[in-house]
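Accompanying notes for the structure given below.
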Amino acid sequence: MKRVLTKFLSGLVGEKVTVLGWINSKRNHGKIIFLDIRDRFGIVQIVILPGNDDYEKAEKISIESVVSVTGVVVKRPDNLINPNIISGKVEIQSEKFEVISPCDKLPFELDDTSEVSEETRLKYRYLDLRSKRMKKNIVNRHKSNQFIRNYLSKKGYLEVETPFLTKSTPEGARDFLVPSRNQAGMFYALPQSPQQYKQLLQIAGIEKYFQIVRNFRDEDQRGDRQPEFTQVDIEASFIDEKDIIKLTENLILELIKAIYPEKKLTLTPIPRLTYKEAIEIYQTDRPDLRKDKNNKNELAICWIVDFPMFEKKDDGSYGPSHHPFTALKKEFINDFEKQDPEKVIAQQYDLVINGNEIAGGSIRTHDVAVLKRVFEFLEHTQADIEEKFGHFLKAFMFGVPPHGGIAIGYDRLLMVLNNENNIREVIPFPKTGDGKDPLMDSPCRVEKKQLDELHITTQDRKRKK
RNA sequence: GGAUUGGUAGCUCAAUUGGUUAGAGCAUCUGCCUGUCACGCAGAAGGUUACGGGUUCAAGUCCCGUCCAGUCCGCCA
């Protein structure tokens with residue numbers, strides 16, 4: 001018999017159906033057994049009475065086993081309706097009960113996973129994800145993906161995939177490296193962001209690009225940082241700072257309206273603070289502007305604009321505060337080298353929600369002469385520039401549209417919208433703070449044969465004295 | 001790399017100033033229970049107190065080291 005999902009059962013009173021799913025709970029009253037069967041959409045109560053051929057099977061069944069139940073859908077009497085479950089107005093009188101796959105003793109209880117240690121949850125993530133809370137986060141993430149793709153597509157943006165096996169970038173975060181088998185001693189790097197590719201796509205004439213894409217950074221973890229994380233990456237040509245800000249703002253506001261309608265905005269229209277103002281007033285470039293921080297449905301969104309272009313490094317020299325491709329504000333282009341480096345302002349903007357940096361982007365320099373001057377100012381030698389950025393600068397010789405973009409830290413956005421304190425809660429299979437995956441037990445050692453093929457010898461970390 | 005908090009039953013926690021046989025709830029197992037829906041009741045089982053060393057008549061508790069986990073700083077163009 002064909003399977004019926006729990007969400008359709010209330011409309012099928014009197015019909016014989018089969019439901020498939022997991023045993024959510026079992027209540028044995030001696031002469032009557034209730035089983036709650038759970039599928040992706042909800043729960044239905046099964047009733048089994050003595051005399052039923054499968055009564056003993058039902059007595060013995062363990063919670064979280066996968067079962068099949070065939071029986072007639074009956075209306076519950078008014079006083080026995082359970083409004084808390086999707087099929088609460090009906091129940092199924094079991095005629096045939098089959099165990100498809102039994103469940104062993106559980107390592108933790110699934111009803112409320114918020115108080116189980118994260119290590120245990122991650123080790124058995126496939127059980128953790130059965131919980132209502134995790135399922136909700138996964139469903140919302142899917143809905144958000146669909147919404148964003150649809151929204152940006154309607155605006156004329158093309159989703160373009162960029163490579164994961166790419167080139168190590170000299171600045172920024174530490175790279176994850178992938179050894180090349182064909183080229184001994186050579187390495188690919190996993191992208192810290194598709195920054196260069198998305199700019200090259202503008203030179204390629206794509207004009208409007210987006211991608212929901214994984215990024216990799218080999219830095220130490222935080223509650224809002226993972227070694228691999230997802231960005232909604234956007235780049236467009238012939239636009240200015242205001243256009244990108246408007247697009248991003250509308251995208252996020254529409255997303256919230258569609259999928260998180262319970263959320264309320266504290267500040268409308270969304271305020272724009274300069275970096276200088278934010279630091280002076282709030283001593284941070286990601287202020288939390290909520291009025292009531294205990295209200296889980298309050299969202300205080302703001303933009304921080306006019307970031308400084310350069311920042312002083314430990315050795316006293318200057319580095320780019322974001323990246324060297326960031327465009328200067330027009331008034332600084334002609335003579336930024338002669339000004340106080342800390343007062344040079346870039347066309348750079350960040351979106352902050354409830355004190356979390358959710359998105360950041362900039363207009364990029366499309367004039368190759370200005371780009372070279374920035375590199376020179378950052379004390380790169382000509383040979384250095386050629387080696388590190390030559391491939392990129394070459395492209396700038398062939399007709400570059402003015403362009404800019406933004407990247408939304410998607411996991412952080414979802415963390416805030418799903419009322420979680422940690423991005424690991426909105427990532428199906430996250431790593432621990434140490435960059436490990438307790439479920440797959442990665443990273444792990446590999447066989448010598450594999451290392452030999454990759455021309456690699458390893459050295460165990462020296463013990464501390 | 002640094003700081004800090006923690007590691008006690010399958011899970012979540014307790015254990016007074018260092019002092020009797022390390023307790024409780026849930027989960028598990030056994031028995032009872034025909035309307036529960038986180039069912040209920042009675043009972044049982046379950047411990048190398050992360051690991052190693054030290055102080056002490058006596059260590060879950062104090063000290064040292066190691067391992068593991070969380071949070072924060074550094075780091076994150």
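Chain letters run A, B, ... following the sequence lines, proteins first and then strands; every chain starts at 1. Predicted, not measured: the structure shown is a model, and the values here were computed from it.
Counting non-hydrogen atoms of neighbouring residues, nucleotides and ligands closer than 6.0 angstrom, the NZ atom of A:K343 reaches no more than 12 such neighbours. Heavy-atom neighbours of A:K394 NZ from other residues, nucleotides or ligands within 6.0 Å: at or below the threshold of 12. Other residues, nucleotides and ligands place no more than 12 heavy atoms under 6.0 Å from the NZ atom of A:K242.
Looking at A:R217, its side chain has no donor and acceptor atom pair within 3.5 Å of the base of B:C75. No hydrogens or angles were tested; on distance alone, a donor-acceptor pair under 3.5 Å links the side chain of A:D220 to the base of B:G74. Scanning atom types as modelled, one donor and one acceptor separated by under 3.5 angstrom connect the side chain of A:E91 and the base of B:G35. The base of B:G70 has none of its N or O atoms less than 3.5 Å from a complementary donor or acceptor on the side chain of A:R222. Counting atom types as modelled, A:R225 pairs a side-chain N or O with a base atom of B:C75 as donor and acceptor under 3.5 Å. Between the side chain of A:E109 and the base of B:G10, a donor-acceptor pair under 3.5 Å is found. With hydrogens and angles ignored, a donor-acceptor pair under 3.5 angstrom links the side chain of A:Q45 to the base of B:U36.
When each of A:K105 and A:K26 is assigned the nucleotide of RNA chain B bearing its nearest heavy atom, the one mapping closer to the 5' terminus is A:K105.
Comparing B:U5 with B:G43, their P atoms are spaced 42 Å from each other, to the whole Å. Taking atom P on both nucleotides, B:C76 is separated from B:U4 by 24 Å, rounded to a whole Å. Comparing the C1' positions of B:C67 and B:G52 gives a spacing of 10 Å, expressed to the nearest Å. For the P atoms, the distance linking B:U71 with B:G53 amounts to 32 Å, nearest Å. Comparing the P positions of B:G54 and B:A14 gives an interatomic distance of 30 Å, to the nearest angstrom. Spacing between B:U34 and B:G40 at atom C1', rounded to whole Å, works out to 13 Å. B:G6 and B:U16 have their P atoms separated by 15 Å, given to the nearest Å. Annotation: B:G19 and B:A59 have their P atoms spaced 11 Å apart (nearest Å).
Between the CD atom of A:E59 and the P atom of B:U30 there is a distance of 10 Å, rounded to whole Å. If you take CD1 of A:I23 and P of B:A27, they are 16 Å apart, rounded to a whole angstrom. Going from atom CD of A:Q93 over to atom C1' of B:U36 covers 14 Å, rounded to whole Å. Separating the CD1 atom of A:I61 from the C1' atom of B:U28 is a distance of 15 Å, rounded to the nearest angstrom. In this structure, CD1 of A:I32 is placed 14 Å from P of B:C39, rounded to the nearest angstrom. Atoms CZ (A:F229) and C1' (B:C75) sit 14 Å apart, rounded to a whole Å. One atom, CD1 of A:I46, and another, P of B:U34, lie 21 Å apart when rounded to the nearest Å. Rounded to whole Å, atom P of B:C76 lies 15 Å from atom CZ of A:F176.
With B:C11, B:C75, B:G35 as the candidates, the nucleotide lying closest to the side chain of A:E219 is B:C75. Picking from B:C37, B:G70, B:U34 the nucleotide with the shortest atom distance to the side chain of A:T432 gives B:G70. Counting only heavy atoms from C-beta on, A:D434 has its side chain closest to B:A69 among B:A69, B:U34, B:C37.
A:N422 comes within contact range of the sugar-phosphate backbone alone, with a heavy-atom separation under 4.0 Å but no base atom that close. Heavy atoms of A:S62 sit nowhere under 4.0 angstrom from any nucleic acid atom. Within the nucleic acid shown, A:K436 comes within 4.0 Å of sugar-phosphate atoms alone, with no base atom in reach, counting heavy atoms only. Using a 4.0 Å heavy-atom distance criterion, A:G319 is classed as making no nucleic acid contact. Across all strands, A:Q192 comes closer than 4.0 Å to no nucleic acid atom at all (heavy-atom distances). No contact: A:N79 has no heavy atom under 4.0 Å from any strand. Among the protein residues, A:Q226 comes within range of no part of the nucleic acid, since none of its heavy atoms lies under 4.0 Å from any strand.
Distances shorter than 4.0 Å separate none of the side-chain N or O atoms of A:S117 from OP1 or OP2 on B:G7. Within the structure, a side-chain polar atom (N or O) of A:R27 is placed less than 4.0 Å from OP1 or OP2 of B:C39. Phosphate contact (OP1/OP2 of B:U71, side-chain N/O of A:R424, threshold under 4.0 Å): present. Here A:T120 does not reach the OP1 or OP2 of B:G10: none of its side-chain N or O atoms lies under 4.0 Å away.
Here A:D36 pairs with A:R27 in a salt bridge; the nearest charged N to carboxylate O distance falls below 4.0 Å. Using a cut-off of 4.0 Å between Lys/Arg side-chain N and Asp/Glu carboxylate O, A:E357 and A:R286 are scored as not salt-bridged. Salt-bridge check for A:D233 with A:K198: passed, with a basic side-chain N closer than 4.0 Å to an acidic carboxylate O. Ion pair A:R133/A:E425 flagged as a salt bridge, since at least one NZ, NE, NH1 or NH2 atom sits closer than 4.0 Å to an Asp/Glu carboxylate oxygen. Electrostatic pairing of A:K26 and A:E59 does not count as a salt bridge here, judged by no charged N lying under 4.0 Å from a carboxylate O. One finds no salt bridge joining A:K208 and A:E235 here, because no Lys/Arg side-chain nitrogen approaches an Asp/Glu carboxylate oxygen to under 4.0 Å. Ion pairing between a basic and an acidic side chain is recognised when a charged N comes within 4.0 Å of a carboxylate O; A:K57 and A:E98 show no such pairing.
You'll find the ring centres of A:F164 and A:F216 inside the 6.0 Å limit.
Stacking between A:H29 and the base of B:C39 is present: ring centres sit under 5.5 Å apart and the planes differ by under 30 degrees. Stacking between A:F108 and B:C11 is absent: the aromatic ring centre is not both under 5.5 angstrom from the base six-membered ring centre and within 30 degrees in plane angle.
Considering all non-hydrogen atoms of both residues, A:D54 and A:E95 come closest at OD2-O, 3.9 Å.
Evaluated for a side-chain contact (heavy atoms from CB on, under 4.5 Å) with A:V416, the options A:N356, A:D224, A:I301 yield exactly one hit, A:N356.
Secondary structure note: stems in RNA chain B built from 3 or more consecutive Watson-Crick or G-U wobble pairs under 3.5 Å occupy B:1-7 with B:67-73, B:10-13 with B:23-26, B:28-32 with B:40-44, B:50-54 with B:62-66.
Within residues 330-346 of chain A, no residue places a heavy atom under 4.0 Å from RNA chain B.
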